[in-house]
K.L.:
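Can you read through this structure? Questions will come right after.
Every value quoted in this text rests on a predicted model; they were computed, and no experiment measured them. Side chains are part of it too, since the values below use all heavy atoms of this structure and drop only hydrogens, waters and symmetry mates.
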Amino acid sequence: GEATSHALKDWRVEVEPARPARLAPQLVLYGRVENPDLLKVAASGPARVAEVAVRDGQRVAAGDLLIQLDDRDFLPALRQAEALVAELEAQVQSEMLRHDHDQRALEQERKLLDLARNGVARAERLKTQRAGSDADLDAAEQAVAQQTLAVTQRERDIADHSARRAALAARLASARAKVEEIALGLARSRVLAPFEGLVAGVEVSVGDQVKEDALLLRLYAVADLEVRARIPAPYQAEIAAALAAGVTLEATAAGGLTRLRLERLAGEAQPSGAAGLF
């Protein structure tokens, strides 16, 4: 009979040993570096720039001198404000002394008014007894009227004391606030770095005359830099759920040299997806 032979074909394969590992899907994103806390340093008052201690791109430590404004531009206004405070304090003291004098004087003027009234009564008796004249009675009544007017004026001055004192106190408080404002501007004329950061731009040079609130330089904190990258819509819900569950989502940038962590998603989303802030 016939015999059929079937030859087996050899297949070449590559073998890779299985190694246990924790793996996660990766997503390539494109974004830009941002700084939410860019500090814009402004002049605390109209002054001349006396010193610029930093340059654009220079890294500074907290407390380093950045710019010094000429403090002589602040001192005249400060001295004038302090003089006004001293003047108003003297007026307050004078008002207190005046009030004390008015109270003592009122007692004496009331006694003089009583004496004047007694004089009228005496003149009326003498006139009744035909020992006095109409002129004497008129003079006594005129003395009463004049002394009554003096007592009334003194009482009005005493009553107005509270209002005068309150007005002086308000002016004094305003003057003291002005002193504090100018003194604060003087203190801020020496601009120090509030944190470790990088100078993003210097806008003035030594000798420049600047106005109040004029931009002097920009500074941002290195530690507060963020990377904003748009996450495509198909992955947005999954990533949002992971963030809500407390899952740490890590990323790398600059060829793996910089490690990042997804902190939050932007509040406003677009149809193409939401921005992630690393």
K.L.:
In chain order, what residues pass the salt bridge (charged side-chain N to carboxylate O under 4.0 Å, His left out) check against Glu196, with sequence neighbours excluded?
P.N.:
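Result, salt bridge (charged side-chain N to carboxylate O under 4.0 Å, His left out) vs Glu196: Arg59.
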K.L.:
Flag the pair Glu212 / Ser44 as yes when at least one side-chain heavy-atom distance between them is below 4.5 Å, and no otherwise.
P.N.:
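Side chain of Glu212 against side chain of Ser44, heavy atoms only: no contact under 4.5 Å found.
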K.L.:
Which side-chain N or O atoms in residues 72-91 pair as donor and acceptor under 3.5 Å with protein atoms at least two apart or in another chain?
P.N.:
from: Arg72; atom 1: NE; to: Asp70; atom 2: OD1; distance (Å): 3.1
from: Arg72; atom 1: NE; to: Asp70; atom 2: OD2; distance (Å): 3.2
from: Arg72; atom 1: NH2; to: Asp70; atom 2: OD2; distance (Å): 2.7
from: Asp73; atom 1: OD2; to: Arg48; atom 2: N; distance (Å): 2.8
from: Glu87; atom 1: OE2; to: Gln91; atom 2: NE2; distance (Å): 3.4
from: Glu89; atom 1: OE2; to: Arg176; atom 2: NH2; distance (Å): 2.8

K.L.:
CZ of Arg154 to CG of Asp102: how many Å apart, nearest 0.5 Å?
P.N.:
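These two atoms lie 5.0 Å from each other.
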K.L.:
Using the side chain to side chain donor-acceptor pair (under 3.5 Å) criterion, which residues pair with Arg98? Sequence neighbours excluded.
P.N.:
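None.
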K.L.:
Could you tell me whether the side chains of Asp157 and Gln153 share a donor-acceptor contact shorter than 3.5 Å?
P.N.:
yes
K.L.:
Quick check on side-chain contact (heavy atoms from CB on, under 4.5 Å): which of Leu260, Leu262, Thr258 does Val227 satisfy it with?
P.N.:
Leu260
K.L.:
With heavy-atom distances below 4.5 Å as the criterion, would you say the side chains of Leu69 and Val49 are in contact?
P.N.:
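Heavy-atom side-chain distance check passes, below 4.5 Å.
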K.L.:
Any side-chain donor paired with an acceptor under 3.5 Å for Gln103 and His99?
P.N.:
yes
K.L.:
Only one of Arg165, Arg171, Arg164 forms a salt bridge (Lys or Arg N to Asp or Glu O under 4.0 Å) with Glu95, so which one is it?
P.N.:
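So the option named by the test is Arg164.
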K.L.:
Rounded to the nearest 0.5 Å, how far does CZ of Arg55 lie from CG of Leu217?
P.N.:
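Answer rounded to 0.5 Å: 14.5 Å.
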K.L.:
Indicate yes or no: at least one non-hydrogen side-chain atom of Gln93 is less than 4.5 angstrom from one of Leu97.
P.N.:
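Counting from C-beta outward, Gln93 and Leu97 do come under 4.5 Å.
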